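Please read the structure below before turning to the comments.
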There are 2 protein chains.
Amino acid sequence: MSEPRVLPLLTGPPPERRDAARNREALLAAARELVERDGVHAVTMDAVAAAAGVGKGTVFRRFGSKEGLMAAVLDHSETEWQRQLMFGPPPLGPGAPPWDRLVAFGWSRLETTLLHADLIRAAGAEGSRSSAAYSLVAMHVRYLLSELEVTGDLPILATALLAPMEIPILDQQIELDGFPLDRVYAGWVDLARRIVGPNAG
Amino acid sequence: MSEPRVLPLLTGPPPERRDAARNREALLAAARELVERDGVHAVTMDAVAAAAGVGKGTVFRRFGSKEGLMAAVLDHSETEWQRQLMFGPPPLGPGAPPWDRLVAFGWSRLETTLLHADLIRAAGAEGSRSSAAYSLVAMHVRYLLSELEVTGDLPILATALLAPMEIPILDQQIELDGFPLDRVYAGWVDLARRIVGPNAG
DNA sequence: AGTCGAAACGGACCGTGGTCCGCTTTGTAT
DNA sequence: ATACAAAGCGGACCACGGTCCGTTTCGACT
C-alpha cells in the first residue's frame, strides 16, 4: 500500500527515463559543439553519436532525423532571443508603442534569421514549421497588429508579414538578386506600413 | 579552306553534342514518366538512368543533382501555365484591367503551386530560385503593380506579394494551421489590396 | 534484495544521392 | 579516309541518413 510519488493530477504524460534524459543532454551538447566547430553541413549523425558516446540508433530515437536534431539545436539557440522579445528592454521588449515594437521586431528578426541561416535550412520543415519558435513569433506579430487596431484576418496578415523574412525568400533577394540588407529591411517596413494603415507611426 | 557552319555572330556559347542532347531528352522523358507514375519521392536516380538507358554518371553530368533534375521536370510542367499567363485569354492573360489580372493571377498561381507541390519541394532551391520560372512570375507581378501605379520599391513589393504563395508558407497555413484554401486566397487578395492602395478594384 | 515488464540502447545493415576515372563517341582538321 | 583532342559515357565505389532487432538498463512493486 504505497502512495503515488506525486499527486495524480500533476502527473504529466509519461516522464522520461534518467538515462534517456542524460543521453538527450549529451547529444544536444555534442551536436551544438560540432555544429559550431565544423559548420552544419559537415556534421554527420555518426559523428554526433560518437561524440556523445552513444549509439547511432539513440540519436534517431531521440530526435527522429537530422532535421529534428538541427531543429533542437536551433531552438536552443533562439531561446535567448525569445527572452529579449518577451522580457527585454524596449523597443523590442514590452514598454514601447506597438508600431515601434513592430519595427524593432522586424530588424531583430532579420538579423537573427540570417545569423542562424544554415541551421534553419538544415532544420527544414521541423525548424520553421511547428516548434515553439514559430508559434511564438506568429503570436507576437498578431498581438502587435491587434494593438495597432488592424482589422481583418489577423492570422493571415501576420503570416504575410512574416513570409518575406523566411530563409528561402531572403536567399532569393540577398544572394540572387543582390539586394543590400538595408533595402530589404526598408521594403519590409514599407510593407508593414501598408498593412497596418493609418495607425502606423 | 572551309566555311564555318553558321555565321559566327549567331554562334552561342559552345553547342551540345548530338549524343548529349539525345540523352538529355531521354532522361527528361524518363523522369517525367516515372514521377507521374510513382510520385516524386519514390523515384531514384538509378531508376531514371536505367529507364533512359544510360549510366548514372550521365544523369548527374546533365542535371547536377536530383534537385536539378526535378527542377527541369518542373520547368517543363509549368510551361503551359506560363503560356496562359502571357498569351492566354483574360483575365489571366492580357486584355483585362490590371487589378483583375492580378487577382486572377493570385488564384491561378495558388492552384498551380499546390498542384506541383511535391515537385517544387523536391526541386528545392533550384526550383523556386533562379530558373526562368521564378523570374517570369516576379516580372509579371512587377509589371502589374506598375500598371496599377503603385509607388515604392516594386521589386521588393512584388516579392512581398509572392512570398505567401511559396510552398513553405502554404504548408504552414494549410497543413499545419488547417486554414481552408479560400481563406488563404481571400487573405492574399486583402494583402494585395493593402499593397496596391486606392487603385485596387 | 529480488522480480519483471517496459523503455532504451547500439551497431550491423540497407538504400540512395553523388563522385571518379578509364574507356568510347563525336566532330573537326588535314 | 585518317588522326586526334575534347566531350561524353557508365558503372564500380563511397558516404551518410535512416532502420531493425537482439541485448541491456531502469525503476516500480513486493
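Note that these values count all heavy atoms, side chains included, but never hydrogens, waters or copies made by symmetry. A note on names: the letters A, B, ... follow the listed sequences, proteins ahead of strands, and every chain is numbered from 1. This is a predicted model, so every value here is computed, not measured.
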Using whole Å, what does the distance between atom [atom2] of nucleotide [N] and atom [atom1] of [X] come to?
X       : N      : atom1 : atom2 : answer
A:Phe63 : C:dC9  : CZ    : P     : 11 Å
B:Glu16 : C:dG27 : CD    : C1'   : 15 Å
B:Arg18 : C:dT24 : CZ    : C1'   : 17 Å
B:Lys66 : C:dG18 : NZ    : P     : 9 Å

Practice problem: Go through residues 33-47 of chain B and report each residue with a non-hydrogen atom lying under 4.0 Å from DNA chain D, sorted by number. | Solution: none
Quiz prompt | N-O pairing of B:Glu147 and B:Arg101 below 4.0 Å | solution = no
Quiz prompt | Note: B:Arg121-B:Asp118 ion pair, threshold 4.0 Å (strictly below) | solution = yes
Side chain of [X] only, heavy atoms from C-beta on: which candidate in [options] is closest?
X       : options                : value
A:Thr58 : C:dG18, D:dT25, C:dG10 : C:dG10
A:Arg22 : C:dG10, D:dC26, D:dG17 : D:dC26
B:Phe60 : C:dT19, C:dG27, D:dG18 : C:dT19

So which protein N/O to nucleotides 5-7 of chain D N/O distances come out below 3.5 Å?
from  : atom 1 : to      : atom 2 : distance (Å)
D:dA7 : N3     : B:Arg17 : NH1    : 2.7

Exercise. Take the angle between the ring planes of A:Phe105 and A:Trp81 and call it parallel below 30°, perpendicular above 60°, tilted in between.
Key: tilted
Nearest-0.5 Å distance, [atom1] of residue [X] to [atom2] of residue [Y]:
X        : Y        : atom1 : atom2 : value
B:Leu191 : A:Thr159 : CG    : OG1   : 10.5 Å
B:Glu175 : B:Leu170 : CD    : CG    : 9.5 Å
A:Glu16  : A:Arg24  : CD    : CZ    : 4.5 Å
A:Leu114 : A:Leu181 : CG    : CG    : 6.0 Å

Self-check item: Exceeds 12 heavy-atom contacts within 6.0 angstrom, atom CD of B:Glu80
Solution: yes
Quiz item: Closer than 4.0 Å, any side-chain N/O of B:Asn23 to the OP1 or OP2 of D:dG8?
Solution: no
Exercise. Kindly indicate whether the side chain of A:Lys56 and the base of D:dG17 share any N or O donor-acceptor pair separated by less than 3.5 Å?
Key: yes
Quiz prompt | Exam field: side chain A:Trp188 to backbone A:Leu162, donor-acceptor pair closer than 3.5 Å | solution = no
